Amino acid sequence: SGTVKPEDADKIVDRIEFSINKSYIVKSEMAVLNMIAANNWERPIYIDHSLLYANSIFFLDYLQLEGLAYRFVPIETKGGGMNRGRIDADILYENVMKKFVWGNVNDPDIYLDEYNKKAVNIIQARYMFARLAQALVDKGDNKRAVEVLDKMLEIFPNGKMPLTYDSFPAVEIYYRAGEIEKANNVIKVLAKNSFEMLEYYISLPDRFAAAIEEEQNREMSLINNLVVITNRYKQDALNKEIDGKLNILIKGLEKEMGS
C-alpha cells in the first residue's frame, strides 16, 4: 500500500498492540479505533501533534513524524515527549526543505504579532527542523543536517522570533556536524536572550514571583545547559563567559534574598 518503504519492510510488526489505560472511551476515540480497524492500510491516517498529549490516542508507539503531523505506521517506535515517533529522513526532508512554505515569516517588512509567534511555537516548527537534522546527523549525513538547521534559522531568525529553548537542540547538532562556529553563534544568541529575560524577571515586584517562577526556572535551566554543552565540546572561552555571568546573576539573587 506504500505505507512503509520496501527497505523498511523488515521493521513491520506482525500485529499492532496497544493498551487503553482508562475505564471508558468517548465516541471520538471509538471512531478513531474503528477507522484503524476498517482501513486495512488502504489510506494514510494522520494525527495532529497536539493529540500526543490529549490521552486520547492509544497507538503512540506506531507513529512516524512527516512534518506537521504524524502518520500511523505498522512500525513500533518507543519514545516520549518531543521524541515521539520514528522519522523517515527522506520524507521529512522533502516536506521541510522543498514543500512547506511559511508565509513570509522572515520578511523584515512584515510585522509578526504575538498571535502568529505563538502559532509557530504551537506547531513546534523549530523542533521539527531539529528532529530532522538530528536524524540526518545520526546517519552521517552532516551536509544535509547543516542545511536543515541553516534553513530553520533563516526562516525563523532571532530578530523576528527570538531564539529560546526550542532552538537549543540545534547547538549539539551543529557541533556534531563539525560546524563549531555556527554552534557557538547560536549559543551566544541563546545566552543573550536568556540573560535579558532573567534580568527582566528579577526587576519585577515580588508579587509577580509565583507567576513567573516557571518561566524563570526554564531560562535558568537553558543557561545551565549552555554551560554544560560548551564544556562538553571544549569551548573554554565561551563556557567561562556564560558561567561567569550566571554566577554573578546567582550571587545577586542571593544577596537580594538575604537583604
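All of these numbers come straight from a predicted model, not from anything done at the bench.
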Evaluate the criterion side-chain contact (heavy atoms from CB on, under 4.5 Å) for residue pair V227 and N231; output intermediate values, then yes/no.
CA-CA 6 Å; V227 171; N231 179 63; 5.6 Å; no
From CA spacing to verdict: side-chain contact (heavy atoms from CB on, under 4.5 Å), V228, N224: CA-CA 6 Å; V228 170; N224 275 317; 5.5 Å; no
Look at the side chain of [X] and the backbone N and O of [Y], then say whether any donor-acceptor pair between them is shorter than 3.5 Å.
{"X": "N39", "Y": "R43", "result": "yes"}
{"X": "S221", "Y": "N217", "result": "no"}
{"X": "N239", "Y": "Q235", "result": "no"}

A quick test of your reading: do over 12 heavy atoms of other residues, nucleotides or ligands sit less than 6.0 Å from [atom1] of [X]?
{"X": "K22", "atom1": "NZ", "result": "yes"}
{"X": "K117", "atom1": "NZ", "result": "yes"}
{"X": "E7", "atom1": "CD", "result": "yes"}
{"X": "Y46", "atom1": "OH", "result": "yes"}

Ignoring hydrogens and angles, write down the donor-acceptor pairs under 3.5 Å from the side chains of residues 146-165, residues two or more places apart or on other chains.
{"from": "E147", "atom 1": "OE1", "to": "Y93", "atom 2": "OH", "distance (Å)": "2.8"}
{"from": "E147", "atom 1": "OE2", "to": "K143", "atom 2": "NZ", "distance (Å)": "2.8"}
{"from": "D150", "atom 1": "OD1", "to": "Y174", "atom 2": "OH", "distance (Å)": "2.5"}
{"from": "D150", "atom 1": "OD1", "to": "K182", "atom 2": "NZ", "distance (Å)": "3.2"}
{"from": "D150", "atom 1": "OD2", "to": "K182", "atom 2": "NZ", "distance (Å)": "2.8"}
{"from": "K151", "atom 1": "NZ", "to": "M97", "atom 2": "O", "distance (Å)": "2.9"}
{"from": "N158", "atom 1": "OD1", "to": "L163", "atom 2": "N", "distance (Å)": "2.8"}
{"from": "N158", "atom 1": "OD1", "to": "N193", "atom 2": "ND2", "distance (Å)": "2.8"}
{"from": "K160", "atom 1": "NZ", "to": "V105", "atom 2": "O", "distance (Å)": "2.9"}
{"from": "K160", "atom 1": "NZ", "to": "D107", "atom 2": "O", "distance (Å)": "2.7"}
{"from": "K160", "atom 1": "NZ", "to": "I110", "atom 2": "O", "distance (Å)": "2.9"}

How far does NZ of K188 sit from CG of L238, to the nearest 0.5 angstrom?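 Reported value, rounded in 0.5 Å steps: 6.0 Å.
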Check: Just wondering, do E241 and T230 contact through their side chains at under 4.5 Å, heavy atoms?
Finding: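 T230 vs E241: side chains apart.
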Going by heavy atoms in the side chains, are I187 and I242 under 4.5 Å from each other?
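Of all side-chain heavy-atom pairs linking I242 with I187, at least one is under 4.5 Å.
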request  = Not counting sequence neighbours, which residues clear side chain to side chain contact (heavy atoms under 4.5 Å, CB included) with D113? List them please.
outcome  =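 Side chain to side chain contact (heavy atoms under 4.5 Å, CB included) check on D113 returns Y111, Y115, N116.
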- Message: Could you work out, with side chain to side chain contact (heavy atoms under 4.5 Å, CB included) as the rule, every residue matching K27, not counting sequence neighbours?
- Response: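 None.
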Linked, directly or transitively: Y200 and I248 (ILVMFWY side chains, under 4.5 Å):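 Result: no, two separate clusters.
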ask   = Any link between I20 and I16 through a network of hydrophobic side chains (Ile, Leu, Val, Met, Phe, Trp, Tyr) touching at under 4.5 Å?
value =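 I20 and I16: one cluster.
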With side-chain contact (heavy atoms from CB on, under 4.5 Å) as the criterion, how do N142 and E179 come out once you've worked through the C-alpha distance, each side chain's angles and the decisive distance to 0.1 Å? CA-CA 9 Å; N142 292 349; E179 294 287 349; over 6 Å; no
Salt bridge flag under 4.0 Å for residues E114 and K118:
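No.
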*Let me see the working for V96 and F129 under side-chain contact (heavy atoms from CB on, under 4.5 Å), right down to the final yes or no.*
CA-CA 7 Å; V96 167; F129 279 86; 3.2 Å; yes
Inset, instruction - Supply the members, apart from Y24, of the Ile/Leu/Val/Met/Phe/Trp/Tyr cluster built from side-chain contacts under 4.5 Å; use none for a lone residue. - result: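 Its cluster mates, by chain and number, are V26.
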(Q) I need the full list of ring pair (Phe, Tyr, Trp, His ring centres under 6.0 Å) pairs touching residues 221-243, with sequence neighbours left out, sorted by first then second residue. (A)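 Found Y175-Y233.
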In residues 58-65, what donor-acceptor pairs under 3.5 Å come from side-chain atoms, sequence neighbours left out?
{"from": "D61", "atom 1": "OD1", "to": "R84", "atom 2": "NH1", "distance (Å)": "3.3"}
{"from": "D61", "atom 1": "OD2", "to": "K78", "atom 2": "NZ", "distance (Å)": "3.1"}
{"from": "Y62", "atom 1": "OH", "to": "E17", "atom 2": "N", "distance (Å)": "3.3"}
{"from": "Y62", "atom 1": "OH", "to": "E17", "atom 2": "O", "distance (Å)": "3.2"}
{"from": "Q64", "atom 1": "OE1", "to": "R86", "atom 2": "NH1", "distance (Å)": "2.5"}
{"from": "Q64", "atom 1": "NE2", "to": "E66", "atom 2": "OE2", "distance (Å)": "2.7"}

